[in-house]
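Worksheet for the structure shown next.
Because the structure is a prediction, the values reported are computed rather than measured.
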Protein chains: 2
Amino acid sequence: MNISEAAQHSGLSAKALRYYESIDLLSPGRAQNGYRDYSDADLEILRFIQRARATGFSVDEVRELLSLYRDPARHSRDAKALVEDKLGHIETQLRSLREMQQTLRGLAERCAGDESPQCAILEGLSHHAAK
Amino acid sequence: MNISEAAQHSGLSAKALRYYESIDLLSPGRAQNGYRDYSDADLEILRFIQRARATGFSVDEVRELLSLYRDPARHSRDAKALVEDKLGHIETQLRSLREMQQTLRGLAERCAGDESPQCAILEGLSHHAAK
DNA sequence: TTTGACCTTCCCCCTGTGGTAACCTTTACT
DNA sequence: AGTAAAGGTTACCACAGGGGGAAGGTCAAA
(Lines give C-alpha, C1' and ligand atoms only; values in the text may rest on other atoms or scores of the structure.)
Protein backbone atom coordinates (compact mmCIF):
# COMPACT_ATOMS: atom_id res chain seq x y z
CA MET A 1 0.00 0.00 0.00
CA ASN A 2 1.38 3.38 -1.03
CA ILE A 3 1.78 6.27 1.34
CA SER A 4 -1.22 8.26 0.17
CA GLU A 5 -3.47 5.25 0.46
CA ALA A 6 -2.17 4.53 3.94
CA ALA A 7 -2.69 8.17 4.80
CA GLN A 8 -6.28 8.07 3.65
CA HIS A 9 -7.10 4.89 5.50
CA SER A 10 -5.51 6.07 8.71
CA GLY A 11 -6.76 9.64 8.74
CA LEU A 12 -3.22 11.02 8.85
CA SER A 13 -1.36 13.08 6.25
CA ALA A 14 1.39 11.63 4.09
CA LYS A 15 3.62 14.26 5.62
CA ALA A 16 2.83 12.95 9.07
CA LEU A 17 3.57 9.38 8.01
CA ARG A 18 7.02 10.36 6.79
CA TYR A 19 7.56 12.27 10.01
CA TYR A 20 6.55 9.30 12.15
CA GLU A 21 8.96 7.14 10.21
CA SER A 22 11.77 9.67 10.63
CA ILE A 23 11.35 9.53 14.40
CA ASP A 24 11.13 5.72 14.36
CA LEU A 25 7.52 5.33 15.39
CA LEU A 26 6.98 2.81 12.64
CA SER A 27 9.04 1.57 9.71
CA PRO A 28 7.12 0.42 6.66
CA GLY A 29 8.96 -1.71 4.11
CA ARG A 30 10.10 -0.40 0.75
CA ALA A 31 9.08 -1.60 -2.68
CA GLN A 32 11.68 -2.12 -5.42
CA ASN A 33 11.11 1.38 -6.70
CA GLY A 34 11.93 2.85 -3.30
CA TYR A 35 8.33 3.72 -2.45
CA ARG A 36 7.16 3.06 1.09
CA ASP A 37 4.97 -0.03 1.27
CA TYR A 38 2.55 -0.16 4.19
CA SER A 39 1.30 -3.58 5.32
CA ASP A 40 -2.03 -4.21 7.01
CA ALA A 41 -0.21 -4.43 10.33
CA ASP A 42 1.37 -1.03 9.63
CA LEU A 43 -2.03 0.39 8.89
CA GLU A 44 -3.38 -0.91 12.16
CA ILE A 45 -0.56 0.84 13.97
CA LEU A 46 -1.21 4.03 12.03
CA ARG A 47 -4.81 3.96 13.15
CA PHE A 48 -3.67 3.39 16.70
CA ILE A 49 -1.43 6.44 16.43
CA GLN A 50 -4.16 8.53 14.91
CA ARG A 51 -6.59 7.72 17.71
CA ALA A 52 -4.03 8.25 20.42
CA ARG A 53 -3.05 11.64 18.96
CA ALA A 54 -6.70 12.62 18.64
CA THR A 55 -7.20 11.63 22.25
CA GLY A 56 -4.56 14.14 23.25
CA PHE A 57 -1.39 12.11 23.61
CA SER A 58 1.87 13.69 22.48
CA VAL A 59 4.04 11.83 20.01
CA ASP A 60 6.35 10.74 22.80
CA GLU A 61 3.43 9.42 24.80
CA VAL A 62 2.22 7.59 21.74
CA ARG A 63 5.65 6.02 21.53
CA GLU A 64 5.19 4.63 25.05
CA LEU A 65 1.69 3.42 24.30
CA LEU A 66 2.97 1.73 21.16
CA SER A 67 5.72 -0.08 22.99
CA LEU A 68 3.09 -1.46 25.35
CA TYR A 69 0.85 -2.25 22.43
CA ARG A 70 3.59 -4.28 20.79
CA ASP A 71 4.74 -6.00 23.98
CA PRO A 72 2.95 -9.32 24.62
CA ALA A 73 4.37 -9.39 28.17
CA ARG A 74 3.00 -5.97 29.07
CA HIS A 75 1.16 -5.15 32.28
CA SER A 76 -2.08 -3.24 31.95
CA ARG A 77 -0.97 -1.29 35.00
CA ASP A 78 1.62 0.52 32.89
CA ALA A 79 -0.94 1.61 30.32
CA LYS A 80 -3.26 2.77 33.06
CA ALA A 81 -0.45 4.76 34.65
CA LEU A 82 0.13 6.61 31.38
CA VAL A 83 -3.53 7.43 31.09
CA GLU A 84 -3.80 8.64 34.65
CA ASP A 85 -0.75 10.79 34.25
CA LYS A 86 -2.36 12.28 31.18
CA LEU A 87 -5.57 12.88 33.11
CA GLY A 88 -3.57 14.80 35.68
CA HIS A 89 -2.07 17.02 33.00
CA ILE A 90 -5.46 17.64 31.52
CA GLU A 91 -6.78 18.64 34.92
CA THR A 92 -3.95 21.15 35.23
CA GLN A 93 -4.63 22.55 31.80
CA LEU A 94 -8.32 22.84 32.57
CA ARG A 95 -7.63 24.77 35.74
CA SER A 96 -5.28 27.11 33.93
CA LEU A 97 -7.76 27.74 31.13
CA ARG A 98 -10.58 28.39 33.57
CA GLU A 99 -8.42 30.88 35.38
CA MET A 100 -7.66 32.71 32.15
CA GLN A 101 -11.33 32.65 31.32
CA GLN A 102 -12.19 34.27 34.64
CA THR A 103 -9.54 36.94 34.17
CA LEU A 104 -10.60 37.74 30.63
CA ARG A 105 -14.28 37.81 31.50
CA GLY A 106 -13.56 40.21 34.33
CA LEU A 107 -11.63 42.47 32.00
CA ALA A 108 -14.21 42.34 29.24
CA GLU A 109 -17.05 43.13 31.61
CA ARG A 110 -15.42 46.32 32.74
CA CYS A 111 -14.62 47.45 29.20
CA ALA A 112 -17.23 49.60 27.54
CA GLY A 113 -16.36 48.42 24.04
CA ASP A 114 -17.10 51.71 22.37
CA GLU A 115 -15.24 54.52 20.58
CA SER A 116 -13.52 55.75 23.71
CA PRO A 117 -9.81 55.10 24.24
CA GLN A 118 -10.58 54.47 27.90
CA CYS A 119 -10.37 50.71 28.35
CA ALA A 120 -10.37 48.54 31.43
CA ILE A 121 -8.62 45.75 29.55
CA LEU A 122 -5.53 47.74 28.69
CA GLU A 123 -5.49 49.29 32.13
CA GLY A 124 -5.90 45.95 33.80
CA LEU A 125 -2.96 44.54 31.88
CA SER A 126 -0.74 47.56 32.36
CA HIS A 127 -1.25 48.25 36.03
CA HIS A 128 -1.18 45.80 38.88
CA ALA A 129 -3.60 42.91 38.97
CA ALA A 130 -4.43 41.25 35.69
CA LYS A 131 -6.38 38.61 37.50
CA MET B 1 18.66 49.39 33.40
CA ASN B 2 20.48 46.25 32.26
CA ILE B 3 18.74 43.26 30.76
CA SER B 4 18.96 41.04 33.81
CA GLU B 5 17.55 43.76 36.03
CA ALA B 6 14.73 44.39 33.58
CA ALA B 7 14.12 40.65 33.46
CA GLN B 8 13.86 40.44 37.22
CA HIS B 9 11.52 43.40 37.53
CA SER B 10 9.26 42.17 34.75
CA GLY B 11 9.14 38.50 35.63
CA LEU B 12 10.47 37.50 32.22
CA SER B 13 13.77 35.84 31.31
CA ALA B 14 16.64 37.72 29.69
CA LYS B 15 16.30 35.29 26.84
CA ALA B 16 12.68 36.25 26.38
CA LEU B 17 13.56 39.94 26.37
CA ARG B 18 16.06 39.42 23.56
CA TYR B 19 13.51 37.38 21.70
CA TYR B 20 10.83 40.04 22.08
CA GLU B 21 13.28 42.59 20.76
CA SER B 22 14.20 40.38 17.80
CA ILE B 23 10.56 40.21 16.77
CA ASP B 24 10.10 43.96 17.29
CA LEU B 25 7.79 43.88 20.27
CA LEU B 26 9.85 46.53 21.99
CA SER B 27 13.17 48.19 21.28
CA PRO B 28 15.17 49.32 24.29
CA GLY B 29 17.97 51.83 23.74
CA ARG B 30 21.61 50.89 23.82
CA ALA B 31 24.29 52.21 26.15
CA GLN B 32 27.73 53.18 24.79
CA ASN B 33 29.03 49.72 25.58
CA GLY B 34 26.35 48.14 23.41
CA TYR B 35 24.36 46.79 26.34
CA ARG B 36 20.58 47.08 26.17
CA ASP B 37 19.31 49.89 28.35
CA TYR B 38 15.71 49.55 29.49
CA SER B 39 13.86 52.72 30.49
CA ASP B 40 11.01 52.86 32.98
CA ALA B 41 8.59 53.04 30.06
CA ASP B 42 10.17 49.92 28.60
CA LEU B 43 9.76 48.18 31.91
CA GLU B 44 6.11 49.09 32.03
CA ILE B 45 5.65 47.54 28.61
CA LEU B 46 7.54 44.44 29.70
CA ARG B 47 5.18 44.05 32.62
CA PHE B 48 2.26 44.50 30.27
CA ILE B 49 3.66 41.75 28.07
CA GLN B 50 4.27 39.47 31.01
CA ARG B 51 0.70 39.85 32.26
CA ALA B 52 -0.79 39.41 28.84
CA ARG B 53 1.25 36.24 28.24
CA ALA B 54 0.32 34.91 31.67
CA THR B 55 -3.30 35.60 30.81
CA GLY B 56 -2.98 33.31 27.82
CA PHE B 57 -2.35 35.64 24.90
CA SER B 58 0.08 34.49 22.22
CA VAL B 59 2.96 36.72 21.28
CA ASP B 60 1.11 37.88 18.18
CA GLU B 61 -1.95 38.73 20.21
CA VAL B 62 0.24 40.63 22.61
CA ARG B 63 1.51 42.57 19.64
CA GLU B 64 -2.03 43.65 18.84
CA LEU B 65 -2.76 44.53 22.43
CA LEU B 66 0.43 46.56 22.56
CA SER B 67 -0.42 48.52 19.45
CA LEU B 68 -3.70 49.45 21.11
CA TYR B 69 -1.92 50.20 24.34
CA ARG B 70 0.40 52.61 22.57
CA ASP B 71 -2.30 54.23 20.44
CA PRO B 72 -3.90 57.28 22.11
CA ALA B 73 -6.66 57.28 19.47
CA ARG B 74 -7.62 53.67 20.12
CA HIS B 75 -11.19 52.46 20.55
CA SER B 76 -11.89 50.24 23.53
CA ARG B 77 -14.09 48.22 21.20
CA ASP B 78 -11.00 46.85 19.49
CA ALA B 79 -9.46 45.66 22.74
CA LYS B 80 -12.72 44.09 23.75
CA ALA B 81 -12.95 42.27 20.43
CA LEU B 82 -9.52 40.74 20.99
CA VAL B 83 -10.52 39.56 24.43
CA GLU B 84 -13.78 38.09 23.24
CA ASP B 85 -12.06 36.31 20.40
CA LYS B 86 -9.66 34.87 22.94
CA LEU B 87 -12.56 33.80 25.13
CA GLY B 88 -13.98 31.93 22.18
CA HIS B 89 -10.72 30.07 21.66
CA ILE B 90 -10.54 29.21 25.32
CA GLU B 91 -14.06 27.83 25.16
CA THR B 92 -13.03 25.62 22.25
CA GLN B 93 -9.95 24.38 24.09
CA LEU B 94 -12.02 23.67 27.16
CA ARG B 95 -14.48 21.61 25.18
CA SER B 96 -11.68 19.66 23.54
CA LEU B 97 -9.96 18.96 26.83
CA ARG B 98 -13.17 17.87 28.49
CA GLU B 99 -13.78 15.49 25.61
CA MET B 100 -10.31 13.97 25.99
CA GLN B 101 -10.93 13.72 29.71
CA GLN B 102 -14.12 11.79 29.12
CA THR B 103 -12.44 9.46 26.68
CA LEU B 104 -9.48 8.79 28.94
CA ARG B 105 -11.63 8.27 32.00
CA GLY B 106 -13.73 5.78 30.10
CA LEU B 107 -10.63 3.88 29.03
CA ALA B 108 -9.04 3.95 32.47
CA GLU B 109 -12.20 2.70 34.14
CA ARG B 110 -12.31 -0.36 31.99
CA CYS B 111 -8.62 -1.17 32.52
CA ALA B 112 -7.82 -3.42 35.42
CA GLY B 113 -4.40 -1.92 36.01
CA ASP B 114 -2.78 -5.15 37.11
CA GLU B 115 -0.13 -7.60 35.87
CA SER B 116 -2.24 -8.89 33.04
CA PRO B 117 -1.46 -7.88 29.44
CA GLN B 118 -5.20 -7.62 28.82
CA CYS B 119 -5.91 -3.90 28.69
CA ALA B 120 -8.99 -1.98 27.65
CA ILE B 121 -6.92 1.13 26.95
CA LEU B 122 -4.77 -0.47 24.29
CA GLU B 123 -7.76 -2.26 22.85
CA GLY B 124 -9.81 0.87 22.81
CA LEU B 125 -7.11 2.71 20.92
CA SER B 126 -6.40 -0.08 18.49
CA HIS B 127 -9.88 -1.08 17.50
CA HIS B 128 -12.73 1.16 16.52
CA ALA B 129 -14.04 3.75 18.92
CA ALA B 130 -11.50 5.49 21.08
CA LYS B 131 -14.21 7.66 22.49
C1' DT C 1 5.57 9.23 -26.30
C1' DT C 2 3.96 12.42 -23.54
C1' DT C 3 1.41 13.99 -19.78
C1' DG C 4 -0.01 14.08 -15.21
C1' DA C 5 -0.20 12.00 -10.85
C1' DC C 6 2.31 9.96 -7.78
C1' DC C 7 6.62 9.06 -5.13
C1' DT C 8 11.37 10.40 -3.14
C1' DT C 9 14.63 13.49 -0.34
C1' DC C 10 15.71 18.02 1.09
C1' DC C 11 15.29 22.36 3.26
C1' DC C 12 12.81 26.41 5.37
C1' DC C 13 8.79 27.97 8.19
C1' DC C 14 5.99 28.43 12.47
C1' DT C 15 6.01 29.52 18.54
C1' DG C 16 8.59 30.49 22.54
C1' DT C 17 11.84 29.67 24.41
C1' DG C 18 16.38 26.63 26.49
C1' DG C 19 21.14 25.70 25.83
C1' DT C 20 25.68 26.53 24.24
C1' DA C 21 29.78 28.85 22.26
C1' DA C 22 32.75 32.59 21.35
C1' DC C 23 33.66 36.89 22.48
C1' DC C 24 33.58 41.69 24.90
C1' DT C 25 32.85 44.74 29.36
C1' DT C 26 32.49 45.73 33.86
C1' DT C 27 33.46 45.00 38.55
C1' DA C 28 35.98 43.36 42.38
C1' DC C 29 39.99 41.53 44.61
C1' DT C 30 44.82 41.03 45.34
C1' DA D 1 48.54 46.54 37.42
C1' DG D 2 46.84 42.03 36.75
C1' DT D 3 43.28 38.82 36.76
C1' DA D 4 39.23 36.36 37.43
C1' DA D 5 34.25 36.30 37.99
C1' DA D 6 30.05 37.98 36.59
C1' DG D 7 27.77 40.20 33.60
C1' DG D 8 26.71 41.54 28.66
C1' DT D 9 26.67 40.64 23.18
C1' DT D 10 25.63 37.82 18.85
C1' DA D 11 24.77 33.51 16.68
C1' DC D 12 23.60 28.94 16.09
C1' DC D 13 21.13 24.25 17.25
C1' DA D 14 17.15 21.89 19.37
C1' DC D 15 12.25 20.73 20.73
C1' DA D 16 6.79 19.55 18.95
C1' DG D 17 4.38 18.39 14.81
C1' DG D 18 4.25 18.81 11.08
C1' DG D 19 2.98 22.35 6.45
C1' DG D 20 4.72 24.09 2.15
C1' DG D 21 7.25 23.60 -1.68
C1' DA D 22 11.47 22.58 -4.78
C1' DA D 23 14.02 19.25 -7.55
C1' DG D 24 13.94 15.04 -9.37
C1' DG D 25 12.58 9.76 -10.13
C1' DT D 26 8.37 6.54 -11.47
C1' DC D 27 4.20 4.83 -12.99
C1' DA D 28 -0.05 4.46 -15.66
C1' DA D 29 -3.09 5.71 -19.20
C1' DA D 30 -4.09 7.91 -23.67
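- Annotation for L107(B) and G124(B): closest pair CD2-CA, 4.0 Å, computed over non-hydrogen atoms.
- The stretch residues 1-43 of chain A participates, sequence neighbours left out, in no ring pair (Phe, Tyr, Trp, His ring centres under 6.0 Å) pair at all.
- Side chain of S76(B) to main chain of D114(A): a donor-acceptor pair is present (N/O by atom type, distance under 3.5 Å, no hydrogens or angles).
- Contact between P72(B) and P117(A) at its shortest, heavy atoms only, is O-CB, 3.5 Å.
- As judged by a 4.0 angstrom heavy-atom cut-off over every strand, I3(A) is placed among residues touching the sugar-phosphate backbone only.
- We find that CD of Q8(A) is positioned 13 Å from C1' of dC6(C), with the value rounded to whole Å.
- Look at R36(A) and you won't find any side-chain N or O under 4.0 angstrom from OP1 or OP2 of dC7(C).
- Separating the CD atom of E5(B) from the P atom of dG8(D) is a distance of 9 Å, rounded to the nearest angstrom.
- Between the P atom of dC14(C) and the CD1 atom of I23(B) lies a distance of 11 Å, rounded to the nearest Å.
- When rounded to the nearest whole Å, the span between CZ of R18(B) and P of dT20(C) equals 15 Å.
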Can I get a per-line list of side-chain donor-acceptor pairs under 3.5 Å for residues 81-92 of chain B, giving both atom names and the distance, sequence neighbours left out?
{"unit_1": "K86(B)", "atom_1": "NZ", "unit_2": "G56(B)", "atom_2": "O", "d": "3.0"}
{"unit_1": "K86(B)", "atom_1": "NZ", "unit_2": "E61(B)", "atom_2": "OE1", "d": "2.8"}
{"unit_1": "K86(B)", "atom_1": "NZ", "unit_2": "E61(B)", "atom_2": "OE2", "d": "3.4"}
{"unit_1": "E91(B)", "atom_1": "OE1", "unit_2": "Q101(A)", "atom_2": "NE2", "d": "3.0"}
{"unit_1": "T92(B)", "atom_1": "OG1", "unit_2": "G88(B)", "atom_2": "O", "d": "3.1"}

Whether each nucleotide of nucleotides 17-27 of chain D has a protein heavy atom under 4.0 Å at its base (B), only at its sugar-phosphate (S) or at neither (-) is summarised, 5' to 3', as BSBBB---BBS
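- Proximity of R30(A) to the phosphate of dT9(C): a side-chain N or O atom is located under 4.0 Å from OP1 or OP2.
- Five base pairs at each end of the helix from dT1(C)-dA30(D) to dT30(C)-dA1(D) define two local axes, and these are offset by 30° (rounded to 10°).
- Residue pairs meeting the salt bridge (charged side-chain N to carboxylate O under 4.0 Å, His left out) criterion with at least one partner in residues 32-46 of chain A, sequence neighbours excluded, are E21(A)-R36(A).
- Closest of all the heavy-atom pairs between R51(B) and L125(A) is NH1-O, 3.0 Å.
- Sorted by first and then second residue, the pairs that involve residues 42-65 of chain A and meet ring pair (Phe, Tyr, Trp, His ring centres under 6.0 Å), not counting sequence neighbours, are F48(A)-Y69(A).
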